[in-house]
Number of protein chains: 6
Amino acid sequence: MSNTVHQMGIVKRQIVRADAAAVEKLSQFGVATVHEAQGRVGLMKPYMRPIYPDAYACGTAVTVLLHPGDNWMLHVVAEQIQPGDIVVAAITANNCDGFFGDLLATSFMARGAKALVIDAGVRDVRELTSMGFPVWSKGISAKGTIKATIGSVNIPVVCAGVNIEPGDAVVADDDGVVVVPAAWAQKVADAAEAREANEGEKRAKLAAGEFGLDMYKMRESLEKAGLRYVD
Amino acid sequence: MSNTVHQMGIVKRQIVRADAAAVEKLSQFGVATVHEAQGRVGLMKPYMRPIYPDAYACGTAVTVLLHPGDNWMLHVVAEQIQPGDIVVAAITANNCDGFFGDLLATSFMARGAKALVIDAGVRDVRELTSMGFPVWSKGISAKGTIKATIGSVNIPVVCAGVNIEPGDAVVADDDGVVVVPAAWAQKVADAAEAREANEGEKRAKLAAGEFGLDMYKMRESLEKAGLRYVD
Amino acid sequence: MSNTVHQMGIVKRQIVRADAAAVEKLSQFGVATVHEAQGRVGLMKPYMRPIYPDAYACGTAVTVLLHPGDNWMLHVVAEQIQPGDIVVAAITANNCDGFFGDLLATSFMARGAKALVIDAGVRDVRELTSMGFPVWSKGISAKGTIKATIGSVNIPVVCAGVNIEPGDAVVADDDGVVVVPAAWAQKVADAAEAREANEGEKRAKLAAGEFGLDMYKMRESLEKAGLRYVD
Amino acid sequence: MSNTVHQMGIVKRQIVRADAAAVEKLSQFGVATVHEAQGRVGLMKPYMRPIYPDAYACGTAVTVLLHPGDNWMLHVVAEQIQPGDIVVAAITANNCDGFFGDLLATSFMARGAKALVIDAGVRDVRELTSMGFPVWSKGISAKGTIKATIGSVNIPVVCAGVNIEPGDAVVADDDGVVVVPAAWAQKVADAAEAREANEGEKRAKLAAGEFGLDMYKMRESLEKAGLRYVD
Amino acid sequence: MSNTVHQMGIVKRQIVRADAAAVEKLSQFGVATVHEAQGRVGLMKPYMRPIYPDAYACGTAVTVLLHPGDNWMLHVVAEQIQPGDIVVAAITANNCDGFFGDLLATSFMARGAKALVIDAGVRDVRELTSMGFPVWSKGISAKGTIKATIGSVNIPVVCAGVNIEPGDAVVADDDGVVVVPAAWAQKVADAAEAREANEGEKRAKLAAGEFGLDMYKMRESLEKAGLRYVD
Amino acid sequence: MSNTVHQMGIVKRQIVRADAAAVEKLSQFGVATVHEAQGRVGLMKPYMRPIYPDAYACGTAVTVLLHPGDNWMLHVVAEQIQPGDIVVAAITANNCDGFFGDLLATSFMARGAKALVIDAGVRDVRELTSMGFPVWSKGISAKGTIKATIGSVNIPVVCAGVNIEPGDAVVADDDGVVVVPAAWAQKVADAAEAREANEGEKRAKLAAGEFGLDMYKMRESLEKAGLRYVD
């Protein structure tokens, strides 16, 4: 049976998190590297931006589905956080109110959360920055939210254009947010490692003045494609 | 195992379509009614707009995942269309080029497709309109696309913010596009029918001048909520 | 005392509507003419668009302040509508859900409302179009709303960037929506009339091939401003 | 010498228009066809939309460079219009005010203009529609403009992302606006004709049920690219 | 009489500023706190952003209404600034040109202004940052403005969606900009103080690991709303 | 002959760069000053933003025209860079993928490039920031690009709304990006110098409390324009 639409009012307590060692290994890499290593899938829409520069987070997703203008379920999800988790919050409609501020951040940090990724707005940006709690969001707004309608916790959600299941790995930095399915975490981490090693070598060559044209042996294919040099 | 990220290069030929009778019944209702009947889930982002007014479509989804600026897989998906299907096209990145025009529409119509829902751009709007082939898209652009990179057909995709599996029912009209999971089609159609009947009665009362305040018995709860009338 | 921020939970029953004869006279003119006649003030943001082409409305405002995702107060405002009114709905935050559909439209029409102007979304566009009930909105969405939080009726609100008081005149057409303060309605209508008469004469001259350059005697000032003709 | 930035205060009276026969031939084709025939260059940004459906125009450009909120030069350009011209208006900054309405349209039509393409806003949409004067614009706004600052007429301008020189051919329809350099008009028209003929044949095959996969012989290249069919 | 539309060409010299002690007290709090304390009204649209991180300002409004692309009135308003004021600039149309730069900032600072809040663009961001003069704006652009059309100073204006009267208190930080009516300043400051005290206690509990679910006693209402825990 | 549309597949090796001394002089000034000195032309759209605060670059343009989602030509342009150049990348359609990251930046820096200006997206923002290689872009995205379609190098391109020819001077800072035609570089640099000197004097007067109203002798013209002071 297809279960692609959201079930409301459910909190799933037992979820299978991506392997801890794999996530630990993933945490050595940036979003661009992980995204490439995974075959260029799982990247959230580029409107998801960190609230302060140089933010980085890597962890396992606990998911929450919210209603517009209502952050009630963020209190519910807090109890499901385990150390190393990243809360990934999806919303049933476009909304940029400030769902999350320093009080909830205090609670999330006390639970061991590494970050919040939310397809909506946040507030208390100054405080969150000094607390060092990173958030990737769609926007910033001081507009608070109510606590009236229930959503769900730890169900599959679509966040910023990406389908994510509870327990999946999440990597976020200045370049955006990428989701790695739990079952792929190890092989993606390995591929990222291979890629990175490879990049170090390339970087040295390029820094020494070698052209990508030669390093990647592109001259012939460019010529075949019809590229002409003129003076 | 989690399979939330896309597998590239796969065409699934056998899919389980939502029950034909259920879809037929769904086709009596508009998007707003179906969305309510389903519990307010499954609605695509409101940027998805029909290319001409008064368009309507209801059918079963064949899905396709495209790369930005590349419509190669639309030719592949054409072969998988069965009468009554709606092609639902997702893209791996934001892109509004014109992926689809009157030639592909001719092919889709010859296969019995009822519509295209595409999280990108279309072109040949004038021709599509006179052909009566409805398209819901993110935009309109004469910019053509290349045929260089393979995607997939009939895998689960995220289209305009909604996760959809091949075979799911899709309803689209001037209000937007809603996805009904295949397994829910019958009960959602039934709920829509009940709701609609109910609405006819309400409509008559309201047309006769009765207030929603009385018909829905809201006066007491409004007063409790603190509403005050002043002169 | 300043009363510029909104008071919540108030329904003002007695409002002073713009003079009926003045509003009747205003109804002969389009938005661009009225906006010019009024000295280029009072125009709502251009994102306010009619849900169907060639829509036109002119009437007196009953105002309502809504919360995002909550249309409860639209039922409250229905009771305050008098024939010739236009409901002007402001929202306390950005939101494009479908606050209004054919049932509420039936109720509004039964009360004699001429239109809805709403700084949010609507749905049932197909039905509203066949009912001939014009709506100017920020967007279209099948996403319904809840009835949980009270707002206010007939207080001054900011709608799409314009401050409007209950009783003010409102003119809306394909070019947008303009607000005319109740006390100005007569003089703005007179100015619009004068302008229009004036425009008829100009139109005839221009149609006959006369240049605006000559008709408006611009050649000298253009030359003074430094305009040079070259071959 | 490079002359890529705009010279202000110049009206060039003598321009070389694209060959009339070539433009006449171009007028048989839509924007998508012309854009393809030209090698996929010269297309304006897709935010340029016609003010009414099914609008079409093909002609030679007279260009004008305006300042934000100032339409003075539209009166100047009117005098430079020759029958068959399309006025192409660029603006030195982002601005969506209503630069153009029914009076100017009357003047332009009297001069034989076929259309206006403006990287800003227009007004009097209802009147322009009944006059049958097509406009492609960035938006619609009743906000009028002043006449205070001079720009230029018939200089090269960048309009909606495309560089255009006076005399170039312009084709516009529901799919957007494309610019054809004057010197290319004939060969682009020929290429469009060839393409269109070709399309008729393809259309017939597709309508008869042939797949694009076979017609374009894509199966082998798809297989090489790694496409796999699964059940 | 309604005076909701703008009068042009007026400079009001005498305005009643919010009580100095109340504003001083307000300056201890952030925007989110003040917005909550005031009952969630008066918040400008979230597109208003500070030009550098960690900016903060609290003061009394002197208002100015500008025309698009014209900053003449910013020189007029400079003379009306008193120490502790914040200039709040509204525009009669959408426009993001750079209305304000380091010269005007020098003048404003010399007059004792604390900040500029402008529903348009600014420039000289690097210089403004090193001067420590905070600006909240809709955008950044090097495009200068002309000095041709008069607006008004110290009239009520709508800025970024909020109606503001001269003398009202304004608080701005990384979360946005909130307007507090002059007459409410003291009670809002008191409410903010109470709220903040309250928040300190909550923060301590949450930091110690207590759940919001328990602290706010939400478990019962969540259960009533239908929330179910599953494993 | 008009050559306004792009020729594909050409790499022009010999270009005439703006005079080195003139560019050196230009590098003393910010974008706003240069833009004013040049007569308010040549400014790119304000969506072009630096990837980190306080970035500054001034140099000569080598241009490249890319296809959406394809960065092949960035490797080709690398070979054409000379010390002091700024790479200016235009795209044939809207696209915000990450065309450029730390490897290409390493190559560009090794060649002596001062910056990249790209009408698309970049990635590796953290690395680019620590390398101190400034980029002005339309957005940030970890989404990589392919290498499949050839574009051109050192042809005239339209980048973010501005026509630019290879060899033109480019100045970029926190306020945006401005293009100075090569032939104008010296006179624009001189005008900027004059302007700046002038500004120093004004700044001192304004800091001392003099009003712009007096310094610019605006009082009389404001009065003539109808400005009234009221109490």
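Below, all heavy atoms of this structure are taken into account, side chains as well, without hydrogens, waters or symmetry copies.
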Counting heavy-atom pairs under 4.5 angstrom with chain B, the leader among D:M44, D:M48, D:E210, D:R49 is D:R49
Of B:A110, B:C96, B:G98, the largest count of non-hydrogen pairs under 4.5 angstrom with chain D goes to B:A110
>> Whether D:K45 and D:D119 form a salt bridge (side-chain N of Lys/Arg under 4.0 Å from carboxylate O of Asp/Glu) is what I want to check.
In response: no
Per-residue tally against chain D (heavy atom, under 4.5 Å) across B:E79, B:Q14, B:M73 peaks at B:E79
### Query
Does B:F99 offer a backbone N or O that forms a donor-acceptor pair with the side chain of B:N71 under 3.5 Å?
yes
One option among B:L74, B:D97, B:T145 has the most heavy-atom pairs under 4.5 Å with chain D, and it is B:T145
If one checks every heavy atom of B:I150 against chain D at 4.5 Å, the contacting part turns out to be side chain
N/O donor-acceptor pair under 3.5 Å between D:Q186 side chain and D:A18 backbone
no
Turns out that what part of B:L128 lies under 4.5 Å from chain D's heavy atoms comes down to neither
Q. Can we say D:D231 and B:K12 salt-bridge, meaning some charged N sits less than 4.0 Å from an Asp/Glu carboxylate O?
A. no
Taken to the nearest 0.5 Å, the spacing of D:T60 OG1 from D:I15 CD1 works out to 6.5 Å
Cut-off 4.5 Å, heavy atoms of chain B, and the answer for D:D54 is both
If you tally heavy-atom pairs under 4.5 Å between each of B:T129, B:T149, B:T106, B:L103 and chain D, the highest tally belongs to B:L103
Under 4.5 Å to a heavy atom of chain B? For D:A204 that would be neither
Okay, B:V153 and chain D: the region with an atom under 4.5 Å from a heavy atom over there is neither
The interface call for D:L222 against chain B, heavy-atom contacts under 4.5 Å, is both
Looking only at D:L213, D:D174, D:T33, the option with the highest number of non-hydrogen pairs under 4.5 Å against chain B is D:L213
Whatever's closer than 4.5 Å to a heavy atom in chain B on D:Y216 counts as side chain
Test item: D:Q38 side-chain N/O and D:V41 main-chain N/O as donor-acceptor pair under 3.5 Å: yes
| request: Step by step, work out the side-chain hydrogen bond (donor to acceptor under 3.5 Å, both in side chains) result for D:N94 and D:K138. | output: CA-CA 10 Å; D:N94 283 330; D:K138 195 177 173 178; 3.1 Å; yes
- Item | NZ/NE/NH1/NH2 to OD/OE distance under 4.0 Å, D:E36 and B:K143 | no
Under 4.5 Å to a heavy atom of chain D? For B:R123 that would be both
